[in-house]
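Notes for the one structure printed next.
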Amino acid sequence: MIDVGVNLDKILDKKHITITYIYKKLKQDHQKMPWRKLVCNNGGMPKWIFILYVAILGKLATTDRLVRWGIANELLCPMCNVEEESMEHLFFKCTYTAAIWEKLLQWMNVNRQPMEWGQEIEWACKNVRGRSANAEIYRIILASCVYYVWQERNHRIFRAQLRPAGALMKQIIQMACGRGYMLSRLRRRLEELNFYP
């Protein structure tokens, strides 16, 4: 049983118990994570959001983590084959993924260069937490990009299949637009962005 700081007898002695009262006792004063709106208020597909959530927590099984666990020997990034793969490298220091993210930022009319993973999440937490169409599209594109970059990375390792950055970028845009068109409040904005950079 969860200790919520209230004795069961005290709860039963109350004449009027509400769900709100019990919820507040269970919730207590836990800190809200600044990235919660990137995950909870995301119109993307559930599998995209799940991979984004795992990436934000830094728990994706990148090769640097696999080497620490003694599972892998090769540290090179399968995308660029130049540097060691880590979360920070894969999202978005790698030349392959940085090129994709840069084009996606241009497509969304976000005028800045790709940043390191931690800075990207921090920027998104500050700048796209609202309900505007641009903010919602950004959250969907971020989740879609992280998912498809992770999928491409796995295809390169396990299937030896490689796609050019342009093809992956087009898939990210197509899938995100398909998902966004289901939400009528995003349709007009997506029609304005309906091009490939």
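Numbering starts at 1 and runs along the sequence shown.
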Query raised in the report: Looking only at atom types and distance, does a side-chain atom of Thr97 sit under 3.5 Å from a main-chain N or O of Phe92, one as donor and one as acceptor?
Result: no
Query raised in the report: Thinking salt bridges, do Glu192 and Arg189 make one under a 4.0 Å N-O criterion?
Result: yes
Report task. State the CG-CD1 distance between Leu168 and Ile173, to the nearest 0.5 angstrom. Result -> 10.0 Å
Query - Pairs involving residues 111-127, ordered by first then second residue, that meet salt bridge (Lys or Arg N to Asp or Glu O under 4.0 Å) (sequence neighbours left out) - result: Lys93-Glu116, Arg112-Glu120, Glu122-Lys126
Query - salt bridge (Lys or Arg N to Asp or Glu O under 4.0 Å) contacts touching residues 81-90 (sequence neighbours left out) - result: Glu85-Arg153
Query - Atom of Leu183, atom of Gly43 and distance for their closest heavy-atom approach - result: CD1-CA, 4.4 Å
Query - Counterpart residues, salt bridge (charged side-chain N to carboxylate O under 4.0 Å, His left out), relative to Arg65 (two or more places apart) - result: none
Report task. Quick one: list whatever passes salt bridge (charged side-chain N to carboxylate O under 4.0 Å, His left out) with Arg129, sequence neighbours left out. Result -> none
Requested in this report: May I have all residue pairs that pass side chain to side chain donor-acceptor pair (under 3.5 Å) and include part of residues 34-52, sequence neighbours excluded?
Outcome: none
Query raised in the report: Got more than 12 heavy atoms from elsewhere within 6.0 Å of CD1, Ile71?
Result: yes
Query raised in the report: Do the numbers put Arg163 on top of the ring of Tyr148, so that NZ or CZ is under 6.0 Å from the six-membered ring centre and no more than 45° off the axis?
Result: no
Query raised in the report: Tell me, which pairs form a ring pair (Phe, Tyr, Trp, His ring centres under 6.0 Å) where one or both residues lie in residues 114-134, sequence neighbours left out?
Result: Phe91-Trp117, Trp123-Tyr138
